[in-house]
Amino acid sequence: MIDEHEKLDFRVQQWIFKQGWDRLREIQCLAIDPILTGCTDVLISASTAAGKTEAFFLPAISTIAEDKRGVGILYISPLKALINDQDRRLESLADILDLQVTPWHGDSAQGRKSKLKRNPSGIVLITPESLESLLIRDSGWVKSAFQNLKHIVIDEFHAFIGTERGHHLLSLLHRLEHLLGRLKTPIPRTALSATLGELETVPLSLRPNKSLPCKIIKQTQSSASLKMQVKGYIETNTAVGDAVRAEQLVCNDLYELCRGGNHLVFANSRSRTEILAAVLADMCESNAVPNEFFPHHGSLSKEMRETLEARLQQEKLPTTAICTMTLELGIDIGKVNSVVQVTAPHSIASLRQRMGRSGRRGGASILRMLITENELTKQSSIVDKLRLELVQSLAMVRLLVASKWYEPADSLLLHFSTLLHQILALTAQWGGIRADQIYSLLCKDGPFQHVTVAHFKCLLSHMGNTELITQLGSGELVLGHAGEKITNHYSFYAVFKTPEEFRIVSGSKTLGTLPVDSLILEGQHIVFAGKRWVVELVDVEKKVIFVNRAKGGQPPKFGGAGMAIHDVVRQEMFKILSESDYKIKVGEHRIEFADEIAQSLFQEAAKFFQTANLVKNNFIQQGNRTVILPWAGDKVVNTIVAVLISKGFAAGAFAGVIEIEKADSQDVINALKSFQTDGTISANELAESIPEKAIDKFDEYLPESLLIHGYGAKAFDIDNAKIKVEELLEVY
DNA sequence: GACCTGCTGCGGGGTG
């Protein structure tokens with residue numbers, strides 16, 4: 001392995017020598033053979049700053065050093081900022097081999113693009129959207145410029161897996177291989193990712209038709225350790241809306257923990273990011289010290305974000321960024337002293353990604369979680385009594401540390417919105433194309449393999465009826481009037497959309513706005529602005545949700561909406577509550593990772609859990625309300641809620657706990673028994689009663705039947721809901 | 001009380 005580098009181009013070896021590296025790292029050595037030979041896909045999984053990019057580029061560049069006709073390497077990134085970073089990092093290596101590097105995205109220099117158009121060669125760094133625009137507008141040039149393409153590499157691959165954009169990317173790569181006549185001799189793909197976990201499933205996400213094998217290269221367990229702590233806070237009954245006062249305790253600790261060093265504080269929402277940054281800046285001012293706390297999120301200007309990124313990277317002044325997921329991906333900010341997570345993380349995959357941002361010079365990663373729970377009153381909801389935000393956080397730490405598990409992509413999604421986009425894109429690219437060609441390219445051999453011929457026919461005929469496409473006398477399909485209009489606008493290229501917001505209105509008063517990507521059913525109970533509401537009417541046209549006040553105790557602080565929590569996380573929560581123990585076993589020892597307040601909050605929750613006998617008691621009657629504790633993921637929970645609403649109950653779910661108003665538990669049990677035995681309710685049927693089903697960008701152009709089908713597959717899981725209901729009913 | 005990502009071609013005006 002020591003001499004592995006000698007297989008690289010002589011000039012690449014010289015470059016390595018000039019960097020002062022005494023030897024290549026393990027993943028870099030392991031990547032040399034598979035990338036030089038080019039007859040396999042490669043997945044490189046290693047932490048941030050472990051040299052993944054070089055692991056790909058050193059051998060890949062060696063294979064194109066001699067033959068410079070045409071573009072040799074295509075690098076694809078989810079972010080423009082990463083392309084700019086990569087352009088800088090490749091400069092010296094490319095210079096030594098006299099290779100052209102061209103960043104190609106919406107904001108990159110026109111001059112360098114024109115130069116590539118005249119003389120295509122070297123390395124192109126591009127986004128999926130820019131690649132789409134090249135295929136549609138200039139596929140002839142792409143065909144000749146990429147004729148000699150030897151490698152495709154995808155950075156931050158986990159950011160694409162399971163998403164609409166990821167499906168778009170797979171479709172683009174398949175269309176590119178088709179255009180270049182390389183379906184039989186596929187161009188090897190390399191995926192780079194820092195997210196560890198179930199790597200065996202990833203090759204299928206990289207090439208669904210398996211026309212090339214995939215070599216997995218994984219960083220062996222680094223000696224770097226992880227230090228983590230969960231800190232608890234109790235919020236005394238603050239007036240609702242006094243967000244600043246509520247965050248003061250957390251800010252006192254943040255000030256002590258972070259001042260003087262470089263840290264990232266992940267706050268989960270833009271508004272909380274702003275509040276924390278403002279409170280901390282005020283604290284600096286009143287203590288007469290320079291401010292070193294700054295916000296970073298998607299609504300801030302590019303300039304503000306870049307200034308803060310540069311300040312973090314330079315490490316000249318102590319800096320703490322209070323941020324959302326904008327600082328989660330691999331933008332070049334160097335490593336920080338520690339990472340702080342305020343409020344429960346949304347997924348273990350993102351927690352792992354955030355954690356990897358700390359750990360300087362091979363030292364330990366340091367992660368703290370600051371979790372605030374409400375002080376209990378007589379009115380407190382069961383979500384508060386069970387301290388579910390804290391319990392979820394403890395469960396996620398355990399899964400992160402002990403089991404190396406992370407949330408897999410939902411493989412049941414049908415991606416009809418993206419399929420419609422790709423039909424339009426293919427038609428625009430080819431000018432005219434036959435239906436059977438589209439079907440085999442996109443569905444049979446491409447990434448939309450779940451789509452049946454019947455679905456595809458239904459979609460095409462609807463697209464014909466709505467003038468998105470038109471069939472010529474020859475049988476070929478071309479763009480229709482509506483299709484021309486959509487594809488001619490630059491907004492066509494991206495498959496994801498910025499979600500529209502619905503106004504929440506009570507009487508004549510607007511309470512605020514809510515993105516429509518969450519489940520909203522008429523009759524559903526929701527929490528908004530710290531109060532309980534029942535949805536009366538959804539006006540899809542005007543984008544308004546009319547609500548009325550609902551009675552029934554103090555609403556829970558946590559879990560009214562948000563990202564879907566996975567089954568495995570809820571089961572881990574149930575496990576630690578029923579065992580009254582969250583500590584992590586290592587050999588004979590049990591590792592404590594919670595501070596005193598978090599420990600006592602957990603004990604409170606565990607005691608409530610035991611006293612109410614919640615191991616067995618799945619249906620709880622509280623006055624005229626019934627509460628169900630299914631300990632299941634949100635897809636199953638949402639399915640049970642929708643089933644109950646379809647049977648006339650007023651149901652809602654918070655943090656995975658189902659609450660049914662004005663309902664006797666025996667009636668609820670009977671309703672669930674009939675759901676289990678009558679076998680008539682399908683996901684499509686539940687989806688039909690959803691007022692607004694158009695979630696993804698091109699959903700509005702889908703025929704109603706496919707819209708329902710796609711929504712049903714995305715929101716509901718009848719099979720697993722039945723299994724869960726059977727479990728719940730076992731003792732009843 | 002979620003969060004994030006991306007995009008064309010052209011015309012007009014200023015600068016060297």
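- At a threshold of 4.0 angstrom between heavy atoms, the contacts of A:Thr326 are confined to the sugar-phosphate backbone, with no base atom among them.
- Closest to the A:Arg270 side chain, of the nucleotides B:dC4, B:dC7, B:dG6, is B:dC4.
- For A:Leu79, taking side-chain heavy atoms from C-beta onward, the closest of the listed nucleotides B:dG6, B:dG1, B:dC4 is B:dG6.
- Partner of A:His421 under the ring pair (Phe, Tyr, Trp, His ring centres under 6.0 Å) criterion, chosen from A:Tyr493, A:Phe492, A:Phe448, A:Phe416: A:Phe492.
- One can place NE2 of A:His421 at 11 Å from C1' of B:dG6, the figure rounded to the nearest angstrom.
- Salt-bridge annotation for A:Arg112 and A:Asp87: present, with a side-chain N of the basic residue lying under 4.0 Å from a carboxylate O of the acidic one.
- When atom types are taken as modelled, the side chain of A:Gln392 and the backbone of A:Val569 share no donor-acceptor pair closer than 3.5 angstrom.
- One atom, CD1 of A:Ile126, and another, P of B:dG6, lie 13 Å apart when rounded to the nearest Å.
- Distance NE2 (A:His525) to C1' (B:dG1): 19 Å, rounded to an integer number of Å.
- In this structure, A:Trp104 places its CH2 atom 16 Å from C1' of B:dG6, rounding to the nearest Å.
- A:Leu131 places its CG atom 16 Å from the C1' atom of B:dT5, with the value rounded to the nearest Å.
- An aromatic stack links A:Phe496 and the base of B:dT5, using centre distance under 5.5 Å and interplanar angle under 30°.
- Side-chain N/O atoms of A:Ser491 include none lying less than 4.0 angstrom from OP1 or OP2 on B:dC7.
- Ring centroids of A:His525 and A:Phe654 are separated by 6.0 Å or more, keeping the two rings apart.
- By the 5.5 Å and 30° criteria, A:Tyr490 is not stacked with the base of B:dC7.
- Look at CH2 on A:Trp533: it is 13 Å from P on B:dG1, rounded to the nearest Å.
- The CD atom of A:Glu164 sits 15 Å away from the C1' atom of B:dG6 (whole-angstrom rounding).
- Heavy atoms of A:Tyr493 sit under 4.0 angstrom from primed sugar atoms or phosphate atoms, though from no base atom.
- Within the 4.0 angstrom heavy-atom criterion, only backbone atoms of the sugar-phosphate kind lie near A:His297; the bases stay farther away.
- Residue contacts for A:Ser350: at a heavy-atom cut-off of 4.0 Å it reaches no nucleic acid atom on any strand shown.
- No engagement by A:Arg354 is indicated, since no non-hydrogen atom pair under 4.0 Å with the nucleic acid exists.
- More than 12 non-hydrogen atoms from other residues, nucleotides or ligands lie less than 6.0 angstrom from NZ of A:Lys117.
- When the nearest nucleotides of DNA chain B are assigned to A:Lys80 and A:Ser269 by heavy-atom distance, the more 5′-ward of the two goes with A:Ser269.
- Contact annotation: A:Thr127 reaches the phosphate of B:dC7 (side-chain N/O to OP1 or OP2, under 4.0 Å).
- In this structure, A:Phe160 atom CZ and B:dC4 atom C1' are separated by 12 Å, rounded to whole Å.
- Between A:Ser133 and B:dT8 there is a side-chain N or O to OP1 or OP2 distance below 4.0 Å.
- Side-chain polar atoms of A:His168 and A:Glu129 form no donor-acceptor pair below 3.5 angstrom.
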